[in-house]
Amino acid sequence: MSELPPPRSHLPEQGLPHQEVLRQMESLRSEDARWRQGRTFSLVYHAGDEHRALLQQAYCLFFDENALNPTAFRSLLRMENEVVAMAASLLGGGPEACGTMSSGGTESILLAVKTYRDWARAQRPDLVEPEMVLPVSAHPAFDKAAHYLGVRAVHVPLGPDLRVDVDAVRAAITPRTILLVGSAPAYPHGVIDPIPALAALAQERGLGMHVDACLGGFLLPFVRELGHPVPPFDLSVPGVTSLSADLHKYGFAAKGASVVLYRNRALRRYQFFVTSDWPGGLFGSPTLAGTRPGGAIAAAWAALMSTGRQGYLRRAEQIMRTSRAFLEGIAAIPGLRVLGQPDMSVFAFTSDEVDILAVADALAARGWHVDRQQHPSAIHLMITPAHQGVEQAYLADLRAAVEEVRAHPERSGQGQAAAYGLMARLPDRGAVRELILQYLDDLYSLRGALGGVSSETP
Ligand SMILES: *Cc1c(COP(=O)(O)O)cnc(C)c1O
């Protein structure tokens, strides 16, 4: 990036020629993670150049349109309703099922938690401090929602199979509980929580039950159809009242697309926001955002329509085949161990013999973008079509990385591994929070843009 001018803090006095702006952006991205070569295992879901070209065309076709006012752009309204309907039919929704699109998994989850909070406010007006019970493996979006919405998150441990311990969930329910949560699958270990048992418990106690299928929603139905064992997890399970599924993950849509589905419209009403007294007019809004980009809706619709059931099945077959190659290859490397029994294409592995965080560093030095986990320390993988063909290169580098760490035990606990391991083990979690806050503060500044701080979240 040496040819780049220093970071800018002011508008250029005269606008730069378009070619120059584009050149600078190309230059800025030269050191970004190489997702195209299958070197990343999260963040980008790439289903090939042809598919990508269609998504871009669809996005550009509706580049200007705004789903804020659905009566102005009937096309977007229709596409959104069709996307929701296709998702609901894929995910066990009955005739009453409904939902909305949102900008992503986090928004879908935020909306669901808001829905249950407002449902509880209406049903149980005396309840002042609502709680939701969720597995420790549930996505942080629930904690974010809790934080934003004034709902207390009560975390429950996992059983030995890394699925949530249903007895612990039962024990965590109090008179203030409004919602139970399970994941299909959970991000850290890729295993599906015991949804039928959780949903039965929710039903018995009159609680909401949200299934976070952000990761699995557009993959598990096809994985099951291919003959892999997939336990019941969707809206067809009695007691499941809502579900989130990300189109921009295994739905292979453009970023900014997810669905949140509800068992019925009576529940979804609590998601909507209305104000009737604004001088700017009557105002009703289905989701968090005001302006809603038409491109994301259009690209999601294009992804579903162009891929079709058979296309998703073929892709699922390929993803599962590639996942198996990774899983078997990792298991065959002495000293490595996959955590639990992953239900699809997401998993983590650790080691009882070498410092796995040092292995992560050695892999990173070989050009892989590594996702690190804690409790226990592990390396996380999420397999997409981009990983077909890189299995052997990854496994060879992984094997070499393990050998390197084994040969140089003195390097364990150094570098990134040391920092990450220390943060994970530090008993004072308040201090860890403070460090992360400081890190964010530094990152979102021009110094952060200069690369003055590490470019990876701790
Ligand atoms: C990705 C993910 C989310 C959050 O989705 P975003 O689109 O990143 O906001 C929620 N739950 C699970 C299980 C996820 O993998």
Side-chain angles (χ1 to χ4, degrees), residues 33 35 40-46 55 83 87 91 99-115 132 134-149 153 155 158 162-164 179-195 198 209-221 223 230 233-234 240 242-261 287-289 292-293 296-297 299-300 303 319 323 339-340 342-348 371-373 378 380-384 457:
W35 55 268
T40 57
F41 290 91
S42 57
L43 306 172
V44 179
Y45 292 70
H46 180 51
L55 296 187
V83 166
L91 291 162
T100 57
M101 284 185 71
S102 80
S103 62
T106 299
E107 187 182 348
S108 289
I109 287 166
L110 218 76
L111 290 169
V113 173
K114 179 234 183 282
T115 295
M132 61 178 163
L134 64 159
V136 291
S137 55
H139 195 276
F142 288 98
D143 298 279
K144 206 185 223 180
H147 179 74
Y148 286 2
L149 295 165
H155 296 99
L158 311 178
L162 303 175
R163 301 170 206 276
V164 74
L179 171 65
L180 305 185
V181 171
S183 309
Y187 173 93
H189 318 110
V191 300
I192 303 173
D193 287 316
I195 303 299
L198 291 173
M209 169 73 209
H210 183 83
V211 174
D212 179 12
C214 279
L215 263 184
F218 289 95
L219 187 59
L220 287 173
V223 168
V230 172
F233 73 93
D234 62 17
V240 171
S242 60
L243 180 148
S244 46
D246 286 353
L247 290 148
H248 64 199
K249 287 179 182 161
Y250 286 105
F252 297 100
K255 283 180 180 56
S258 171
V259 288
V260 54
L261 304 175
T287 63
L288 220 61
R292 301 173 79 209
I297 295 172
I319 290 167
S323 300
L339 297 173
D343 284 306
M344 47 175 237
S345 54
V346 176
F347 46 88
D371 294 313
R372 297 164 176 85
Q373 297 201 153
H380 187 264
L381 295 181
M382 200 135 64
I383 302 303
T384 66
T457 32

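Sequence positions, counted from 1, serve as the residue numbers for this chain. First listed ligand is number 1; within each ligand, the first listed atom is number 1.
Of all atoms in ligand 1, numbered sequentially from 1 with element shown, those under 4.0 Å from a heavy atom of G104 are 7 (O). Each of the atoms 15 (O) of ligand 1 lies under 4.0 Å from some heavy atom of L215.
Residue G105 has at least one nitrogen or oxygen atom sitting less than 3.5 Å from a nitrogen or oxygen atom of ligand 1, judged on distance alone. When only interatomic distances are considered, the shortest N/O to N/O separation between T106 and ligand 1 falls below 3.5 Å.
A donor atom on one side chain and an acceptor atom on the other are found under 3.5 Å apart for S108 and S258. A donor-acceptor contact under 3.5 angstrom links the side chains of S244 and H210, judged on distance only. Side chains of S42 and Y187: no donor on one and acceptor on the other come within 3.5 Å.
In terms of protein heavy atoms, atom 11 (N) of ligand 1 is closest to D212 OD2, 2.6 Å. Scanning the protein for heavy atoms near atom 3 (C) of ligand 1, the closest one is K249 NZ, 3.2 Å.
If you run ring-ring contact (aromatic ring centres under 6.0 Å, His included) between Y45 and each of F218, W35, Y250, only Y250 comes through.
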Hey, can you pull the donor-acceptor pairs under 3.5 Å for the side chains in residues 134-144, sequence neighbours left out?
residue: H139; atom: ND1; partner: A141; partner atom: N; Å: 2.9
residue: D143; atom: OD1; partner: H155; partner atom: NE2; Å: 2.6

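Of the heavy atoms in A141, none comes closer than 4.0 Å to ligand 1.
The closest heavy-atom contact to atom 7 (O) of ligand 1, among the options M382, K255, H248, E107, comes from H248.
Using a distance-only test at 3.5 Å, with no hydrogens or angles considered, no donor-acceptor pair links the side chain of S183 to the main chain of P185.
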